[in-house]
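Some notes on the structure that comes next.
Heavy atoms only: backbone and side chains are in, while hydrogens, waters and symmetry mates are out.
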Amino acid sequence: MLIDFVPTVGGVSLAEAPAFKKAPGGAPANVAVGISRLGGKSAFIGKVGEDEFGYMLADILKQNNVDNSGVRFDPNARTALAFVTLRADGEREFMFFRNPSADMLLCESELNLGLLKEASIFHYGSISLIDEPCKSTHLAAMEIAKKNGTILSYDPNLRLPLWPSPEAAREGIMSIWDQADIIKISEDEITFLTGGDDPYDDNVVLTKLFHPNLKLLLVTEGSDGCRYYTKEFHGKVQGVKVKAVDTTGAGDAFVSGVLWSLASNMNLYQDEKSLREALLFANACGAITVTERGAIPALPTREAVLQILPNVAA
């Protein structure tokens with residue numbers, strides 16, 4: 001979990017931005033808030049600095065009914081910061097301040113084991129695999145969750161500037177690939193992970209990215225919706241059309257929608273009709289999020305999602 005600094009005006013580079021506004025961010029934290037917003041029960045595990053920003057982030061989790069008993073405060077490192085801008089060409093530009101930041105310093109001894117043992121789903125990204133001691137902590141948490149029969153959910157959330165090299169990113173992301181029960185990736189991530197293959201080719205996805213332990217592989221296509229792959233079937237669910245203002249957090253909102261549905265029906269991926277309904281719901285979560293600026297403020301309630309769904313046929 002970190003602070004994003006976003007320019008007060010759109011379509012400028014970081015250098016051109018006249019001023020920045022702070023916004024709480026970090027994909028797993030967004031997902032935790034998204035689930036809570038939908039009426040689910042979530043908790044967050046991570047580390048922030050023992051500083052004003054760190055306390056602010058822990059407080060934002062609490063205000064959004066996310067259990068923050070897994071948050072640790074580091075007295076010697078700062079809360080991570082990222083300056084993020086959407087340039088005029090629509091590309092996001094990132095500049096990170098993590099040298100090292102508190103999130104990288106979470107140790108295994110600081111894990112809240114109670115939360116891991118209580119969870120029905122454990123969701124994580126790949127940024128926590130870049131540096132030690134956080135990497136070992138992440139792997140230990142996965143092992144504890146797996147032993148407790150928890151479903152492992154993985155959204156690699158590729159952020160190339162944070163990795164030492166593209167090769168290190170590919171290797172790091174794939175190092176835990178075959179342990180996940182559920183994986184969500186974007187079209188760009190397929191191209192990156194497969195070394196340039198066509199992200200729309202089902203054979204590419206099934207031969208290179210689907211693994212024997214995987215229960216559900218989801219590919220997000222932005223406003224076009226998503227594709228799903230299981231051992232038994234695969235298909236596509238259309239997107240929900242809205243006017244986009246800011247795409248930050250849309251993927252996290254989608255994941256929240258999927259995991260929220262899964263928590264109430266753990267066999268979701270075995271029934272194609274139920275899965276398609278859940279994915280349309282998740283697409284609507286993502287769609288609502290892009291209509292407002294910022295990730296956490298824009299994450300929808302269940303009522304808001306159900307309101308826009310009658311207009312869409314699955």
Which atom pairs, one a donor and one an acceptor, fall under 3.5 Å between side chains of residues 300-309 and the rest of the protein, sequence neighbours left out?
from: Thr301; atom 1: OG1; to: Ala304; atom 2: N; distance (Å): 3.2

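Both Leu139 and Leu106 sit in one connected hydrophobic cluster of ILVMFWY residues. Membership requires side-chain heavy atoms under 4.5 Å apart, directly or through other members. Both Met174 and Leu214 are part of a single hydrophobic cluster, where members link through side-chain heavy atoms under 4.5 Å apart.
For NZ of Lys231, the number of neighbouring non-hydrogen atoms (other residues, nucleotides, ligands) closer than 6.0 Å is greater than 12. With a 6.0 Å radius and a threshold of 12 heavy atoms from other residues, nucleotides or ligands, Glu171 has its CD atom at or below the threshold.
Side chain of Asp178 to backbone of His211: no donor-acceptor contact under 3.5 angstrom is found. With hydrogens and angles ignored, the 3.5 Å screen pairs a side-chain donor or acceptor of Arg72 with a backbone N or O of Ser69. A donor-acceptor pair is defined here as one N or O able to donate and one able to accept, closer than 3.5 Å; such a pair exists between the side chain of Arg276 and the backbone of Lys236. When atom types are taken as modelled, the side chain of Glu277 and the backbone of Ser274 share no donor-acceptor pair closer than 3.5 angstrom. Panel note: side chain Ser126, backbone Pro156; a donor-acceptor pair is recorded below 3.5 Å. Between the Asn265 side chain and the Asn267 main chain, a donor and an acceptor come within less than 3.5 Å of each other.
Side-chain contact between Phe5 and Lys21 is absent, with no heavy atoms from C-beta onward closer than 4.5 Å. Here the side chains of Ile183 and Leu218 are not in contact, with every heavy-atom distance at 4.5 Å or above. The shortest distance between side-chain heavy atoms of Thr191 and Asp197 does not fall below 4.5 Å. By the 4.5 Å heavy-atom criterion applied to side chains, Thr137 and Leu111 are counted as neighbours. Residues Val48 and Asp103 are not in side-chain contact: their nearest non-hydrogen atoms beyond the backbone lie 4.5 Å or more apart. For the pair Asp188/Pro199, no side-chain contact is recorded, criterion being any heavy-atom separation below 4.5 Å from C-beta on. In this structure, Leu279 and Phe254 have side chains that are in contact, with non-hydrogen atoms separated by less than 4.5 Å.
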Go through it in stages, so that I can follow the logic: the residues are Phe53 and Tyr55, the test is ring pair (Phe, Tyr, Trp, His ring centres under 6.0 Å), and I'd like the CA-CA distance, side-chain angles, deciding distance and then a yes or no. CA-CA 5 Å; Phe53 285 156; Tyr55 293 124; over 10 Å; no
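Summarising the geometry of Pro133 relative to Met104, their closest heavy-atom pair is CD-O, 3.3 Å, with the distance given to 0.1 Å. Of all non-hydrogen atoms in Ile190 and Thr194, the two that sit nearest each other are O-OG1, 2.7 Å. Nearest approach of Ser42 to Ser36, heavy atoms of both residues: OG-CB, 3.9 Å. Contact between Tyr154 and Ala180 at its shortest, heavy atoms only, is CB-CB, 3.8 Å.
Among residues two or more places apart in sequence or in another chain, the ring-ring contact (aromatic ring centres under 6.0 Å, His included) test is passed with Phe20 by Phe83.
Geometrically, Arg170 engages Phe192 in a cation-pi contact defined by less than 6.0 Å to the ring centre and at most 45° from the axis.
Below 30°, between 30° and 60°, or above 60°: for His234 and Tyr229 the angle between ring planes is below 30°, a parallel geometry. Classification of the Phe122-Tyr124 ring pair by plane angle, with boundaries at 30° and 60°, yields tilted.
Ser120 OG to Leu259 CG: the interatomic distance, rounded to the nearest 0.5 Å, is 9.0 Å. The CD1 atom of Ile60 sits 5.5 Å away from atom CE of Met1, with the distance rounded to the nearest 0.5 Å. Atom SG of Cys226 and atom NZ of Lys184 lie 10.5 Å apart (nearest 0.5 Å).
The salt bridge (Lys or Arg N to Asp or Glu O under 4.0 Å) pairs that include a residue from residues 113-142 are Lys41-Glu118, where partners are two or more places apart or lie in different chains.
Ion pairing between Asp201 and Lys208 fails under the 4.0 Å rule for side-chain N and carboxylate O.
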